[in-house]
Number of protein chains: 2
Amino acid sequence: MALLDLMGRRMALRILWELANAPAPLTFRALQDAADTNPGVLNGRLRELRDARLVEHEADGYRLSDGGRSLLAVLLPLHGWAEAWAAAGKPSAPGRVRSPRKR
Amino acid sequence: MALLDLMGRRMALRILWELANAPAPLTFRALQDAADTNPGVLNGRLRELRDARLVEHEADGYRLSDGGRSLLAVLLPLHGWAEAWAAAGKPSAPGRVRSPRKR
DNA sequence: CGGGATCCCCGACGATACTG
DNA sequence: CAGTATCGTCGGGGATCCCG
């Protein structure tokens with residue numbers, strides 16, 4: 001699945017996430033700062049995400065496309081599963097497993 | 001998300017898929033053949049998947065665990081989304097996704 | 001047959017300098 | 001500020017050999 005290729009890349013999900021939580025479109029710099037990455041990676045990812053029509057670029061910056069938003073929506077259940085899975089997997093880890101964290 | 005790290009790896013999903021469709025547990029060789037990969041990768045992935053408790057290893061071979069099956073279930077919607085997404089995006093686009101494999 | 005060990009290659013990433 | 005170019009590094013993955 002090509003989707004996983006894309007989403008598995010270094011800052012892909014992070015970028016989508018930052019854009020999703022931004023009140024307004026983010027500039028290149030703003031994104032670079034928010035995702036804490038470098039121009040090269042950010043630029044590459046941005047290109048791929050735009051090719052995939054998951055984000056859009058306008059004069060005022062980058063924003064999620066409808067498709068991007070729908071992807072995020074589909075990703076949520078997976079995210080939930082992953083959390084439960086991770087929680088089940090590290091019962092012996094420095095135990096803060098008990099208090100479910102919400103952010 | 002660590003899940004994506006794992007699933008994004010070279011044969012992870014493929015292995016889960018092959019195991020899911022197998023009528024009975026698959027042996028190492030059978031899996032290697034089914035997924036068309038090499039011992040090194042297969043072994044590595046198998047170790048990770050076992051660590052993640054997504055697959056189980058018994059005397060008669062490898063099989064999906066309950067967790068593995070549940071993951072696959074959660075993955076289905078994503079898969080559906082990905083198909084629609086791919087279909088919408090690359091009806092005529094030059095497919096640069098995967099280069100032809102030599103065998 | 002199962003599956004570790006090895007070797008090599010290539011692409012992704014990180015950092016940063018640089019141009020418009 | 002936006003984005004590109006360059007360069008070194010690092011790790012994953014392909015192929016193979018081989019032992020238990």
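The structure displayed is predicted, hence computed values, not measured ones. Order of the sequence lines sets the chain letters (A, B, ...), proteins ahead of strands, with each chain counted from 1.
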Check whether any side-chain N or O of A/His57 sits under 4.0 Å from OP1 or OP2 of D/dA2, and answer yes or no.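 A/His57 to D/dA2 OP1/OP2: no side-chain N or O under 4.0 Å.
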
Just to confirm, is there a sub-4.0 Å distance from OP1 or OP2 of C/dG4 to any side-chain nitrogen or oxygen of B/Asn43?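 For C/dG4, OP1/OP2 do have a side-chain N/O of B/Asn43 under 4.0 Å.
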
Under the side-chain hydrogen bond (donor to acceptor under 3.5 Å, both in side chains) test, residues paired with B/Glu18 that sit two or more places apart: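 Listed in chain order: B/Arg14.
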
Residues in contact with DNA chain C, drawn from residues 30-40 of chain A - heavy-atom cutoff 4.0 Å: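 By residue number: A/Asn38, A/Pro39.
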
Output side-chain donor-acceptor pairs under 3.5 Å for residues 42-52 of chain A, partner residues at least two apart or in another chain, one line each.
residue, atom, partner, partner atom, Å
A/Arg45, NE, A/Glu48, OE1, 3.1

Within this structure, what is the CG-CE distance for the pair B/Leu13 and B/Met7, rounded to the nearest 0.5 Å?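 Those atoms lie 3.5 Å apart.
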
Measuring from atom CH2 of B/Trp85 to atom CG of A/Leu6, what distance do you get when rounded to the nearest 0.5 angstrom?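 If I round to the nearest 0.5 Å, the distance is 6.0 Å.
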
For residues 64-76 of chain B, which side-chain donor-acceptor pairs fall under 3.5 Å, sequence neighbours excluded?
residue, atom, partner, partner atom, Å
B/Ser65, OG, B/Arg53, O, 2.7
B/Ser65, OG, B/Leu54, O, 3.1
B/Ser65, OG, B/Gly67, N, 3.2
B/Ser65, OG, B/Gly68, N, 3.0
B/Arg69, NH2, B/Leu64, O, 3.1
B/Ser70, OG, A/Trp81, NE1, 3.0
B/Ser70, OG, B/Gly67, O, 2.7

Nearest-angstrom distance from the residue atom [atom1] of [X] to [atom2] of [N]:
X       : N      : atom1 : atom2 : result
A/Phe28 : D/dT4  : CZ    : P     : 8 Å
A/Arg14 : C/dG14 : CZ    : P     : 12 Å
B/Leu46 : C/dG4  : CG    : C1'   : 13 Å
A/Tyr62 : D/dA2  : OH    : C1'   : 8 Å
B/Leu42 : C/dG4  : CG    : C1'   : 12 Å
B/Glu48 : C/dG3  : CD    : P     : 15 Å
B/Leu6  : D/dG11 : CG    : P     : 19 Å
B/Asp5  : C/dC13 : CG    : C1'   : 14 Å

List the atom pairs, donor and acceptor, that lie under 3.5 Å between side-chain atoms in residues 19-39 of chain A and the rest of the protein, sequence neighbours left out.
residue, atom, partner, partner atom, Å
A/Thr27, OG1, A/Ala30, N, 3.0
A/Asn38, OD1, A/Val41, N, 3.0

Let's see if you can work this out: which of D/dT4, C/dG4, C/dC13 has an atom nearest to the side-chain heavy atoms of A/Arg47?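 Ranking D/dT4, C/dG4, C/dC13 by closest atom to the A/Arg47 side chain puts D/dT4 first.
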
What's touching nucleotides 7-12 of chain C from the protein side, N or O pairs under 3.5 Å?
residue, atom, partner, partner atom, Å
C/dA12, OP1, A/Arg9, NH2, 2.9

Should B/Trp17 and A/Leu4 be counted in the same cluster of Ile, Leu, Val, Met, Phe, Trp and Tyr side chains packed under 4.5 Å apart?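 Looking at the clustering, A/Leu4 is in a separate group from B/Trp17.
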
